[in-house]
Amino acid sequence: FENAGLYAKFDIIGFDACLMATIETADYIKDFARYLVASEEIVPSGGWDYKAAVESYSSKEDPTEIGKDICDSFMAKCEKSKKADISTLSVIDLSGLDPIFERLDSLGRDLSEYVGKDNAFSKVIAAAKRCEKFGYDSVFKGSSNMIDFLDFTKLLALSDFDEFGKMYEIVEAAVVYSVTAEERNNGGISFFYPIDYNEKEITEYISLGVSEPYNAFLSTYYLNAPKQTVTFSDKGSVAENGAFKVSLAKESKKYLSTVTYNLIERDGDGTERILYSDIDFESDWDRLTCCSAFKGTRRLYNGHPICYAPVRIEETVIEYSAPISINGRKGNMHYHFYPNKGEEERFYAPRNWSSMKDNWLPNEFYNPWEGDTVQVAECLIRNEDGYIPVFGEEFEVKELEFEELFSEITEVPLSGSTYYYVFVATDIFGNTYYSDMATLEMEYTYDELLEHPLPDGVFAGKVTKIEPYHID
């Protein structure tokens with residue numbers, strides 16, 4: 001900076017680029033500028049409205065007012081091009097960062113103390129996955145690992161309410177202005193958290209030296225973890241009620257993130273087809289046991305079978321991801337399941353309010369719009385490249401009234417006679433550990449299940465065989 005003959009700070013350093021409104025970026029440039037203007041999120045193609053930015057700069061002297069004009073004109077441009085759903089832009093006062101860094105230090109110390117308790121790490125991961133995240137984030141693609149600092153702190157709730165109030169005031173003081181879609185909970189500045197584990201990425205982050213206590217947490221619990229973090233004490237047995245049962249070793253609690261199951265069918269040549277992944281099983285987390293609750297059903301989207309997996313799990317709502325092709329472009333749609341609502345309102349697949357014909361998000365969650373030509377994945381098959389979606393026939397999405405959107409996702413009985421059931425434990429690094437595989441022979445026909453859905457405690461299939469399950 002000084003070698004370039006620059007001795008006064010810039011009024012504004014702005015990034016018309018993705019994922020730059022971060023604590024880490026702010027720390028790097030705080031000595032060179034008074035304000036940072038940047039987005040926490042992916043920036044749509046076309047970026048800022050430079051005409052409005054230049055006009056503001058030529059007519060105003062206050063950098064905060066110029067920053068506000070850049071934000072407002074950017075969002076207006078996004079709204080005009082129907083790209084405002086997730087767009088964000090912030091004006092960050094770089095002179096007010098010390099309290100932010102102090103809070104990051106405190107967070108690192110709190111996390112190091114907290115995750116030493118039983119099953120606490122899974123709660124940290126749950127907060128990281130539930131909070132506002134930026135860039136790509138899906139069960140099939142992974143995460144960009146940039147999350148909102150304020151929202152994560154709120155969801156984690158390691159401190160009491162008064163402490164969070166102070167945190168809110170600190171972020172509000174540093175982020176002097178921001179624009180975002182109304183339904184988002186971002187505070188205007190993000191930071192790195194390794195939702196999607198990458199040892200090289202974590203090591204490089206630590207080398208930045210942003211926060212020693214936070215770096216110590218990452219180093220201790222992410223870089224120095226045991227090679228195998230999750231172990232099954234029982235990889236598969238038949239419970240007293242006939243369910244397929246597994247148990248995890250007690251030491252697995254520390255690094256356990258989620259447990260799901262895969263429902264599988266096999267083709268005549270032995271090819272395995274994963275129909276879906278889900279969490280509707282019985283569990284005792286104190287004893288770390290899981291028991292199947294197989295109802296013999298699967299889900300359809302507009303009458304077409306879909307393959308899906310949970311990506312966000314809360315008490316009142318579960319969000320699912322499902323591979324989809326919209327107008328020939330592949331990505332992942334999402335839909336919601338409300339377990340506490342009536343049958344007619346339990347599923348909701350929101351429409352994407354900007355047509356995917358012009359969508360700008362690569363490999364991200366997006367949902368169809370009326371008139372779109374759609375294919376949904378019926379299953380996943382595994383090859384040397386990983387899990388590959390198998391798409392069904394094309395159909396056109398029809399125009400619906402809002403209340404009709406709750407009927408797009410439906411549940412129907414399975415029509416086959418034999419299925420396979422495998423529990424999948426995922427640790428905080430994204431490593432997966434598989435139970436043995438249970439063979440389930442259907443005890444009810446399609447018509448019987450259609451006419452009389454099974455009550456709790458009654459299973460659609462009988463466990464006839466348990467065998468080791470291997471992923472090559």
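One is the number of the first residue; the rest follow in order along the sequence.
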> For a quick test of reading the model, state the closest non-hydrogen atom pair linking Ala128 to Ile195 and the distance between them.
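Taking every non-hydrogen atom into account, O-CD1, 3.4 Å.
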
> Are side-chain heavy atoms of Glu201 and Pro194 found at a separation under 4.5 Å?
no

> Measure the spacing between CD of Glu40 and CG of Asp148 and express it to the nearest 0.5 Å.
4.5 Å

> Take Phe294 and Phe459 through the ring pair (Phe, Tyr, Trp, His ring centres under 6.0 Å) test and state the conclusion after the steps.
CA-CA 5 Å; Phe294 180 57; Phe459 309 132; 8.7 Å; no

> Going by the ring-ring contact (aromatic ring centres under 6.0 Å, His included) test, name the single residue among Tyr335, Tyr338, Tyr348 that passes it with Tyr320.
Tyr335

> Which heavy-atom pair separates Cys307 from Pro323 by the least distance, and what is that distance?
O-CD, 3.4 Å

> Heavy atoms only: give me the nearest Ser95-Asp93 pair and the separation to one decimal.
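Scanning both residues, the minimum pair turns out to be OG-OD1, 2.6 Å.
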
> Enter the distance from Ser435:OG to Leu248:CG here, rounded to the nearest 0.5 Å.
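Those atoms lie 9.5 Å apart.
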
> Is the backbone N or O of Ala309 less than 3.5 Å from a side-chain atom of Ser277, with the two atoms forming a donor-acceptor pair by type?
no

> Find out whether Thr439 and Glu467 are in side-chain contact, i.e. whether some heavy atom of one side chain is under 4.5 Å from a heavy atom of the other.
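Yes, close enough: below the 4.5 Å cut-off.
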
> Using a 3.5 Å distance criterion without hydrogens, assess whether the side chain of Ser39 forms a donor-acceptor pair with backbone atoms of Glu41.
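Between the backbone of Glu41 and the side chain of Ser39 there is a qualifying donor-acceptor contact (under 3.5 Å).
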
> Would you say Phe281 and Tyr421 make side-chain contact, with heavy atoms under 4.5 Å?
yes

> Determine whether the side chains of Asp280 and Tyr261 contain a donor N or O and an acceptor N or O closer than 3.5 Å.
yes

> Can you confirm whether Ile306 sits close enough to Ile409 that some side-chain heavy atom of one is under 4.5 Å from a side-chain heavy atom of the other?
yes

> Less than 4.5 Å apart, side chain to side chain, heavy atoms only: is that true for Arg109 and Ser106?
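In contact.
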
> Quick one: does any side-chain atom of Glu132 pair with a main-chain N or O of Asp151 as donor and acceptor, under 3.5 Å?
no

> Distance-only, no hydrogens or angles: does the Lys30 side chain make a donor-acceptor pair with backbone N or O of Tyr28 under 3.5 Å?
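Pair absent, no side-chain N/O of Lys30 close to backbone of Tyr28.
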
> Is the positively charged end of Arg266 above the ring of Tyr420, judged by distance under 6.0 angstrom from the centroid and angle within 45° of the axis?
yes

> Could you walk me through whether Phe191 and Val210 satisfy the side-chain contact (heavy atoms from CB on, under 4.5 Å) test, starting with their C-alpha distance in whole Å, then the side-chain angles of each, then the deciding distance to 0.1 Å, before giving a yes or no?
CA-CA 10 Å; Phe191 80 116; Val210 178; over 6 Å; no

> Which is it for Ser247 and Arg287 under the side-chain contact (heavy atoms from CB on, under 4.5 Å) test, yes or no, and what are the steps along the way?
CA-CA 8 Å; Ser247 299; Arg287 293 181 173 85; over 6 Å; no

> Could you walk me through whether Ile264 and Tyr419 pass the side-chain contact (heavy atoms from CB on, under 4.5 Å) test, one step at a time?
CA-CA 6 Å; Ile264 301 167; Tyr419 296 92; over 6 Å; no

> Decide whether Asn262 and Tyr434 meet the rule of one side-chain donor and one side-chain acceptor closer than 3.5 Å.
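Distance-only check fails for Asn262 and Tyr434.
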
> State, to 0.1 Å, how close Thr22 and Ile189 come at their nearest heavy-atom pair, and which atoms those are.
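Shortest heavy-atom contact: C-CG1, 3.8 Å.
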
> Looking at Phe192, Phe134, Tyr193, which hits ring-ring contact (aromatic ring centres under 6.0 Å, His included) with Phe152?
Tyr193

> So which heavy atom on Gly67 is nearest to which on Ile12, and how close?
N-CD1, 4.1 Å

> Test your reading of the model: is there a side-chain donor-acceptor pair from Asp234 to the backbone of Gly236, 3.5 Å cut-off?
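Flag set: sc Asp234 to bb Gly236 pair under 3.5 Å.
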
> What is the distance from atom CG of Leu150 to atom CD of Glu172, rounded to the nearest 0.5 Å?
9.5 Å

> How about Val43 and Phe74: do any of their side-chain heavy atoms sit closer than 4.5 Å?
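Yes, at least one pair of side-chain atoms sits under 4.5 Å.
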
> Keeping Thr426 on the side-chain end and Ser257 on the backbone end, is there a donor-acceptor pair under 3.5 Å?
no

> Give a yes or no on whether the backbone of Val390 and the side-chain of Glu378 come within a donor-acceptor separation of less than 3.5 Å.
no

> Would you say that Tyr433 contacts Thr231 through its side chain, given a criterion of any heavy-atom pair below 4.5 Å between the two side chains?
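No, every pair of side-chain atoms sits at 4.5 Å or beyond.
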
> Taking the ring centre of each residue, are Phe244 and Phe423 less than 6.0 Å apart?
yes

> Determine whether a donor-acceptor pair (N or O, by modelled atom type, separation under 3.5 Å) exists between the side chain of Thr25 and the backbone of Met20.
yes

> Could you give the distance from CG (Leu300) to CD (Glu411), rounded to the nearest 0.5 Å?
9.5 Å

> With side chains defined as the heavy atoms from C-beta onward, is the minimum distance between Val171 and Ile100 less than 4.5 Å?
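The answer is yes, as the side chains (C-beta and beyond) meet within the 4.5 Å cut-off.
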
> Report the relative orientation of the aromatic rings in Phe217 and Tyr221; use parallel for angles under 30°, tilted for 30 to 60°, perpendicular for over 60°.
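Rings of Phe217 and Tyr221: tilted, as their planes differ by 30° to 60°.
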
> About how many Å separate CZ of Arg382 and OH of Tyr387, when rounded to the nearest 0.5 Å?
4.5 Å

> So, the side chain of Tyr197 versus the backbone of Tyr222: is there a donor-acceptor pair under 3.5 Å, distance only?
yes

> Distance only, no hydrogens: is a donor on one side chain within 3.5 Å (strictly under) of an acceptor on the other, for Tyr205 and Glu24?
yes

> Between Asp284 and Thr289, do the side chains contain a donor N or O and an acceptor N or O under 3.5 Å apart?
no

> Any chance you could lay out the side-chain contact (heavy atoms from CB on, under 4.5 Å) test for Ile70 and Trp48, step after step, and finish with the verdict?
CA-CA 7 Å; Ile70 293 173; Trp48 292 6; 3.7 Å; yes

> Does Lys341 NZ have over 12 foreign heavy atoms under 6.0 Å away?
yes

> Which heavy atom in Leu94 sits nearest to a heavy atom in Ala26, and how many Å separate them?
CD2-CB, 3.8 Å

> I'd like to know if the side chain of Ser219 and the backbone of Asn215 have a donor-acceptor N/O pair within less than 3.5 Å.
no

> Would Lys295 and Asp278 pass as an ion pair if we require N to O under 4.0 Å?
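Salt bridge: no.
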
> About how many Å separate CG of Leu97 and CD1 of Ile29, when rounded to the nearest 0.5 Å?
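Nearest 0.5 Å value for the CD1-CG distance: 9.0 Å.
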
